[in-house]
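Note: hydrogens, waters and symmetry copies are ignored here, and every other heavy atom, side chains too, is used. Residues: numbered from 1 along the sequence shown.
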Amino acid sequence: MSYDTQPKASHFIDGAYVEDTAGVPIPVIYPATGERIATVHAATPAIVDKALAAAQRAQKQWAAMSGTERGRILRRAADIMRERNHDLSILETHDTGKPYQETIAVDATSGADALEYFGGLAGSLTGEHIQLGENWVYTRREPLGVCVGIGAWNYPTQIACWKGAPALACGNSMVFKPSETTPLCALKVAEILHEAGLPAGVYNVVQGMGEVGASLVTDPRVAKVSLTGSVPTGKKVYAAAAAQMKHVTMELGGKSPLLIFEDADLDNAVGGAILGNFYSSGQVCSNGTRVFVQKGIKEKFLSRLAERLSNAVIGDPLDEATNFGPMVSENQMKIVLEYIEKGKAEGARLVAGGARLDRDGFYLQPTVFADVTDDMTIAREEIFGPVMAVLDFEDEDEAITRANATEFGLSAGVFTRDLSRAHRVIAQLEAGSCYINSYNDAPVEAPFGGTKMSGVGRENSREAIHHYSELKSVFVRMGDVEAPY
């Protein structure tokens with residue numbers, strides 16, 4: 001392959017690339033071909049210790065800088081990231097298999113948005129003054145210390161920035177562990193931050209599987225853990241962090257409902273369903289994979305959806321015309337194929353796709369099941385692939401009740417022309433990140449996160465600042481102290 005995807009070394013620690021080949025080799029597989037395009041090594045205990053020691057040392061120096069100075073470095077990193085968007089997007093495509101048409105528009109650019117947004121906020125993170133007669137209280141917003149970020153494989157560049165930017169804006173340092181499936185892009189984020197002037201040790205990247213994550217989460221030097229991942233992993237990490245009273249943000253999975261009413265604009269509704277099921281080959285945690293369609297427009301919806309799906313360009317992800325790429329890994333593809341078989345076995349009607357494509361790489365057809373009922377496996381479990389379940393409903397109350405009958409609560413969407421209904425329904429849906437006549441928009445200015453099993457805490461927006469800092473309150477008495485004796 002002409003594009004060089006092998007990183008200088010496996011880890012980025014204390015401002016430099018670091019290698020330790022004693023760590024378990026992790027092959028990096030290009031999902032479009034199944035070829036190995038790089039190899040990194042999992043962090044040994046010595047590497048983990050080196051990263052945490054660097055982060056602990058650098059954090060005090062970083063926190064001592066003014067918020068304005070910290071913000072300037074983050075904004076400079078955002079500018080560098082935008083300048084290098086093409087190269088970063090090519091790398092992201094190799095790392096994840098996502099089409100270049102998508103990565104050039106979404107991945108590094110959204111990472112840069114986060115660095116710019118939190119860079120802009122950094123100078124404004126002040127406390128307040130509370131007058132109490134002649135006495136008064138003031139508050140200080142202080143960093144937590146060393147933060148650990150654990151990333152998922154679907155948005156490696158974005159997640160490295162979504163976690164890093166607010167952490168750094170508040171004066172924390174970070175050790176970030178990307179998914180072992182997509183280890184390449186976070187190294188570039190660290191490199192760019194360092195180039196922008198970040199002091200060595202403030203943002204470190206270490207590779208590894210679950211045991212490396214566990215050693216980071218349970219280390220007493222760590223004050224905060226932020227995970228993007230599955231619910232089972234989230235429960236384990238949350239419990240481990242709770243044992244040492246660490247702060248946590250958990251951005252976990254979903255089985256989100258998308259409600260399409262009879263009065264919806266059909267093409268917009270179909271477009272929303274496509275974005276909420278097939279973008280990134282369906283590998284998005286907030287996807288609206290339970291598409292509830294009111295009975296009166298069900299067949300119209302399905303036929304228009306089939307027409308639109310026929311325009312999907314499935315092919316080489318580096319070709320700018322391609323808009324539907326492979327699954328991230330062979331393992332993930334096999335998991336999704338098993339769910340497709342379950343859908344067929346449980347009586348759902350397969351109306352599109354349902355098979356692996358006869359070509360190199362981990363390609364699945366965009367798949368649609370109709371006549372899905374609430375008790376089917378494909379309507380209850382997160383599939384994390386290009387599989388849409390279409391369910392029928394009669395009226396609003398029924399749709400809301402069934403939409404909420406899930407352990408998850410990450411996202412929800414409503415398509416309707418009735419303004420009152422749109423807001424009335426969204427208010428009753430149990431989810432953290434919701435959409436009206438749209439789906440899967442995630443601007444950095446808006447909070448992102450879930451309720452119920454889909455997580456705790458919020459990423460992005462000013463809200464993220466609360467999850468990466470804490471308030472110290474200081475009571476000041478201006479007169480004499482009155483004591484009982």
Side-chain angles (χ1 to χ4, degrees), residues 55 58-85 88-89 104-129 139-147 149 151 155-174 176 185-186 188-199 201-204 224 226 228 247 249 251 432-433 441-449 457-472:
Q59 190 267 323
K60 296 281 187 281
Q61 174 200 355
W62 178 241
M65 291 167 68
S66 74
T68 305
E69 290 174 300
R70 291 198 299 268
R72 192 178 300 132
I73 290 167
L74 295 179
R75 296 197 312 277
R76 193 179 297 139
D79 292 342
I80 297 170
M81 195 168 267
R82 288 208 180 91
E83 284 162 19
R84 294 186 195 157
N85 187 28
L88 292 167
S89 301
I104 191 73
V106 171
D107 293 83
T109 54
S110 64
D113 286 349
L115 292 168
E116 182 175 37
Y117 176 81
F118 287 106
L121 278 185
S124 70
L125 305 182
T126 56
E128 66 171 338
H129 166 273
T139 61
R140 292 167 49 93
R141 186 161 290 285
E142 298 188 341
L144 302 175
V146 177
C147 299
Y155 281 85
T157 307
Q158 182 190 81
I159 293 169
C161 296
W162 275 22
K163 296 190 188 310
L168 269 49
C170 292
N172 304 289
S173 59
M174 176 160 273
F176 184 78
C185 295
K188 291 293 181 189
V189 172
E191 191 182 309
I192 286 169
L193 281 164
H194 190 251
E195 191 179 326
L198 193 71
V202 176
Y203 188 97
N204 310 275
K224 154 92 196 218
S226 176
T228 299
H247 298 256
T249 302
E251 201 276 283
S433 301
D441 306 271
V444 69
E445 297 87 351
F448 184 84
R458 291 294 177 266
E459 299 200 286
N460 293 343
S461 80
R462 290 195 74 93
E463 197 59 31
I465 296 299
H466 299 295
H467 297 293
Y468 283 99
S469 61
E470 54 193 352
L471 279 184
K472 174 184 283 180

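Applying the side chain to side chain donor-acceptor pair (under 3.5 Å) rule to pairs touching residues 113-122 yields Arg82-Asp113, Arg82-Glu116, sequence neighbours excluded.
When atom types are taken as modelled, the side chain of Arg141 and the backbone of Leu125 share no donor-acceptor pair closer than 3.5 angstrom. Not one N or O on the side chain of Asp107 forms a donor-acceptor pair closer than 3.5 Å with the backbone of Tyr155. Using modelled atom types, one side-chain atom of Asn172 and one backbone atom of Gly145 make a donor-acceptor pair closer than 3.5 Å. Checked by atom type and distance alone, the side chain of Gln59 pairs as donor or acceptor with a backbone atom of Gly171 at under 3.5 Å. Not a single donor-acceptor pair under 3.5 Å links the side chain of Asn204 to the backbone N or O of Phe176.
A 4.5 Å side-chain heavy-atom check between Leu88 and Thr157 finds every atom pair outside the cut-off. By the 4.5 Å heavy-atom criterion applied to side chains, Leu115 and Leu168 are not counted as neighbours. Counting heavy atoms from C-beta outward, Ile465 and Cys170 have side chains that approach closer than 4.5 Å. Contact check for Lys224 versus His467: side-chain heavy atoms found under the 4.5 Å cut-off. In this structure, Trp162 and Phe448 have side chains that are in contact, with non-hydrogen atoms separated by less than 4.5 Å. Annotation: side chain of Leu471 is not in contact with side chain of His466 (no heavy-atom distance under 4.5 Å). Contact annotation: the side chain of Glu251 never approaches that of Ile159 to less than 4.5 Å [non-hydrogen atoms, C-beta and beyond]. With contacts defined as side-chain heavy-atom distances shorter than 4.5 Å, the pair Tyr468/Ser226 qualifies.
Considering all non-hydrogen atoms of both residues, Ala464 and Pro166 come closest at CB-CB, 4.0 Å. Across every non-hydrogen atom of His247 and Leu144, the tightest pair is NE2-CD2, 3.6 Å. For the pair Asn460 and Pro443, the tightest heavy-atom approach, listed with the atom from each and the gap, is ND2-O, 4.2 Å. When all heavy atoms of Cys147 and Ala167 are compared, the closest pair comes out as SG-CB, 4.4 Å. When all heavy atoms of Ala165 and Ala114 are compared, the closest pair comes out as CB-O, 3.5 Å. Across all non-hydrogen atoms, the minimal contact from Ser110 to Gln158 is OG-NE2, 2.9 Å.
For Arg84 and Glu191, the salt-bridge test fails: no basic side-chain N is under 4.0 Å from an acidic carboxylate O. With respect to the salt-bridge test (charged N to carboxylate O, under 4.0 angstrom), the residues Arg72 and Glu69 do not qualify.
In this structure, a donor-acceptor pair under 3.5 Å is present between the side chains of Lys163 and Thr228.
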side-chain contact (heavy atoms from CB on, under 4.5 Å) between Tyr203 and His194, worked out
CA-CA 8 Å; Tyr203 188 97; His194 190 251; over 6 Å; no

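How far CG of Leu74 is from CG of Leu198: 7.5 Å, rounded to the nearest 0.5 Å. Interatomic distance, Met81 CE to Lys188 NZ, rounded to the nearest 0.5 Å: 11.0 Å.
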